[in-house]
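Just below is one structure, and these are the notes that go with it.
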Amino acid sequence: MARWAATHAPLSVLAVMATLFGASLCSPLHHPCYSEDPDVPCDSFSASNTHADDDSSPPFPAVKREGNGDIQQPGHEAVSYTGYKLLRANVEDSKLPVVDSLDTAEGVDLWSWRRKGRSHMFEVDLLTPPAAEPKVKQLFSANNLPYQEVIKDLQDAINKQKDDFFFSWNRPAHPMTWEKYHSFDEMEQYLYFLEAEYPHLVTLEEIGYSSENRSLKVAKVSTGPNRTAIWIDGGMHAREWIAPATTMYILYRLVENAWEFPELVNNFDWYILPIANPDGYEFSRTKDRLWRKTRSINPAFPDCVGVDPNRNFGYKWATKGSSNYPCSSIYHGPEPFSEPETKAMADFLLTHKDELKVYVTIHAYSQMWMAPWSSSHTLAANNKDLIEVGQKAVEAIKSYNATEYALGTVPDLLYLASGSSMDFAHGTAGIPYSYALELRDRGNYGFILPKEQIHPTAQETFLGIRAMTEAIFHKLYPGKKFV
């Protein structure tokens with residue numbers, strides 16, 4: 001995901017990289033993954049392309065596979081991340097190409113980068129395999145980049161999450177809690193429970209099936225006809241487990257605790273898709289904790305499994321911040337909506353576009369509340385309203401337990417990406433208030449957020465959603481009371 005063009009790097013930087021890695025610096029301008037020819041392969045020693053959800057796996061990860069599979073056939077066997085470290089560096093913008101060039105070299109994975117306020121400094125997180133660690137640290141030292149070891153052994157952190165994988169709480173009717181990360185089946189069981197116990201509030205609609213034939217169920221929460229509607233989805237990227245957990249919590253608060261904030265369901269209908277990528281999610285639970293994509297099979301590249309669903313929507317598809325290379329974790333797919341999951345979502349959004357006024361897609365991590373566009377530096381026509389509403393949301397989150405969120409557009413806070421669901425919702429479906437959220441944390445745990453943080457993360461996010469909803473209500477219906 002070379003987010004900075006090689007042409008921006010000083011010659012001294014290129015010399016250092018040539019010495020350390022024996023490979024040229026790659027970028028969206030020079031890298032074969034960004035070629036117009038989808039058959040051009042990437043070599044495993046170079047960076048991939050720009051992407052915009054601060055998480056990507058290398059095409060050929062330098063990991064120990066527990067099966068006997070070919071190391072260059074990612075996504076088939078169980079994966080261990082023993083000895084992998086998460087290194088964090090503070091980097092001036094002028095030196096970002098140096099760090100960016102490490103991405104995918106010998107399995108290095110640039111997890112996240114975040115601008116520090118409005119400064120020219122960025123905080124960059126790099127997942128580093130044992131074999132690449134000396135070279136990465138040498139590069140940091142050669143360029144005077146201070147760094148720290150945030151996670152000393154990623155597999156240890158993963159194992160702590162897995163301790164209670166297959167334990168179901170002995171609760172009547174459903175196993176759902178916010179004290180552990182649940183399986184797709186357990187979350188689906190909770191959806192059935194809500195529909196059965198609260199038929200006056202909840203109906204389930206099956207909008208399609210995943211590649212592996214898992215049901216894509218949208219829960220509609222409604223108290224009457226002809227309401228303005230809000231859509232929320234989570235779990236589009238498989239390894240971002242806190243996203244579906246939080247989405248399920250929002251549903252819980254809207255239904256089982258509807259009495260607490262009745263104005264939320266009295267004034268809006270809610271459409272909630274808790275897990276937009278169920279196949280990838282289950283694969284991340286059982287095989288590869290850092291899996292990101294869907295699990296579709298590309299007949300032309302059967303060894304390169306899946307597509308990045310958040311690069312697969314048909315708005316500005318395959319223009320910036322995605323890859324033509326099927327093994328890339330930001331592969332945009334052979335065509336827009338090649339994935340049954342994204343096609344089902346898009347069809348639903350278009351069918352309901354007249355009632356939908358709000359679209360929220362929930363991701364992790366970095367604590368950001370982001371507005372369109374993700375595919376362009378151009379601001380949305382209603383950017384002022386989007387930012388004003390977002391400000392109410394991030395203030396509500398901070399007031400709960402001091403968690404701070406950055407607010408802005410995707411390129412302002414991160415980088416360009418095309419084919420995103422948020423841009424499709426805003427640009428094609430015409431949903432005026434469209435947002436992408438990046439939940440906790442800012443890198444202490446990254447994608448491996450401990451189960452102890454599920455409830456506080458979900459609670460603060462719900463309060464942000466509530467504040468957003470009230471602010472949008474007053475924008476849509478000025479002079480009316482939100483009751």
Side-chain angles (χ1 to χ4, degrees), residues 52-54 114-115 117-118 228-234 236 243 246-247 250 264 267-272 310 313 315-316 320-321 345 349-350 352-364 366-399 403-439 460-478 480 482:
D53 288 307
D54 67 339
R114 301 168 295 279
R115 185 185 296 275
R118 297 295 175 181
T228 298
I230 296 171
W231 166 284
I232 299 177
D233 65 67
M236 194 172 297
T246 297
T247 308
I250 294 169
L264 294 178
N267 292 287
F268 290 92
D269 286 346
W270 297 76
Y271 294 106
I272 298 179
N310 208 35
F313 284 80
Y315 185 87
K316 305 291 185 181
K320 294 288 184 182
M345 285 180 60
L349 294 176
L350 291 175
H352 296 271
K353 65 180 183 178
D354 292 337
E355 60 187 291
L356 282 167
K357 301 301 178 185
V358 187
Y359 174 86
V360 178
T361 181
I362 297 181
H363 294 257
S366 283
Q367 296 171 202
M368 296 176 177
W369 194 290
M370 299 180 293
W373 303 101
S374 60
S375 54
S376 170
H377 286 285
T378 304
L379 298 178
N382 64 333
N383 180 71
K384 182 175 180 292
D385 285 343
L386 285 164
I387 296 302
E388 287 177 354
V389 168
Q391 187 62 42
K392 296 291 186 183
V394 300
E395 288 173 356
I397 291 173
K398 184 176 181 179
S399 68
T403 304
E404 294 192 359
Y405 269 59
L407 172 66
T409 65
V410 175
D412 181 39
L413 299 177
L414 295 170
Y415 27 79
L416 291 171
S418 60
S420 73
S421 66
M422 178 181 68
D423 280 11
F424 173 82
H426 192 67
T428 300
I431 300 174
Y433 294 94
S434 295
Y435 295 102
L437 277 54
E438 298 282 356
L439 304 186
E460 69 193 15
T461 306
F462 171 76
L463 294 177
I465 293 291
R466 180 186 178 277
M468 173 202 75
T469 304
E470 181 175 4
I472 290 174
F473 177 87
H474 291 307
K475 294 275 186 187
L476 296 174
Y477 309 108
K480 289 189 177 183
F482 188 56

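This chain uses plain numbering: 1 for the first residue, then up along the sequence.
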Exercise: identify the closest heavy-atom pair between T428 and Y315: OG1-CD1, 3.3 Å
Nearest heavy-atom neighbours spanning M422 and M370: SD-O, 3.6 Å
Taking atom CG of N310 and atom OG of S420, what is their separation to the nearest 0.5 Å? 5.5 Å
Plane angle bin for F268 and W270 - parallel if under 30°, tilted between 30 and 60°, otherwise perpendicular: perpendicular
Under a 3.5 Å threshold, yes or no: a donor from one side chain and an acceptor from the other, between Y271 and E355? yes
All heavy atoms of P432 vs all of N382, minimum pair found to be O-ND2, 2.9 Å
Take I362 and M236, measure what side-chain contact (heavy atoms from CB on, under 4.5 Å) needs, and give me the verdict at the end. CA-CA 8 Å; I362 297 181; M236 194 172 297; over 6 Å; no
Ion pair present between K475 and E388, side-chain N to carboxylate O less than 4.0 angstrom? yes
Distance col, row I230:CD1 vs I465:CD1, nearest 0.5 angstrom, shows 8.0 Å
Set out, in order, the CA-CA distance, both residues' side-chain angles and the distance that settles side-chain contact (heavy atoms from CB on, under 4.5 Å) for L414 and M368, then state yes or no. CA-CA 10 Å; L414 295 170; M368 296 176 177; 3.7 Å; yes
For residues D233 and Y359, is any side-chain donor paired with an opposing acceptor at under 3.5 Å? yes
Taking atom CG of D412 and atom CG of N383, what is their separation to the nearest 0.5 Å? 9.5 Å
Could you pull out the closest heavy-atom pair between A467 and A393, with the gap in Å? CB-CA, 4.1 Å
Please check if the distance between the ring centroids of Y433 and W231 is under 6.0 Å. no
How would you list, by chain and number, every residue that makes a side-chain hydrogen bond (donor to acceptor under 3.5 Å, both in side chains) with S399, sequence neighbours excluded? none
Give the minimum heavy-atom separation between P372 and H426, together with the two atoms involved. CG-CG, 3.8 Å
Would T228 and L476 satisfy side-chain contact (heavy atoms from CB on, under 4.5 Å), going step by step from the backbone distance to the final call? CA-CA 10 Å; T228 298; L476 296 174; 4.1 Å; yes
Ignoring hydrogens, what is the shortest heavy-atom contact between G408 and I387? Give both atom names and the distance. CA-CD1, 4.3 Å
Side-chain (S376) to main-chain (W373) donor-acceptor, under 3.5 angstrom: no
Check whether Q367 reaches the backbone of L439 with its side chain - one donor and one acceptor, N or O, closer than 3.5 Å. no
When rounded to the nearest 0.5 angstrom, what is the spacing between OG1 in T246 and CD1 in I232? 10.5 Å
Ring centroid separation for F313 and F424, is it under 6.0 angstrom? yes
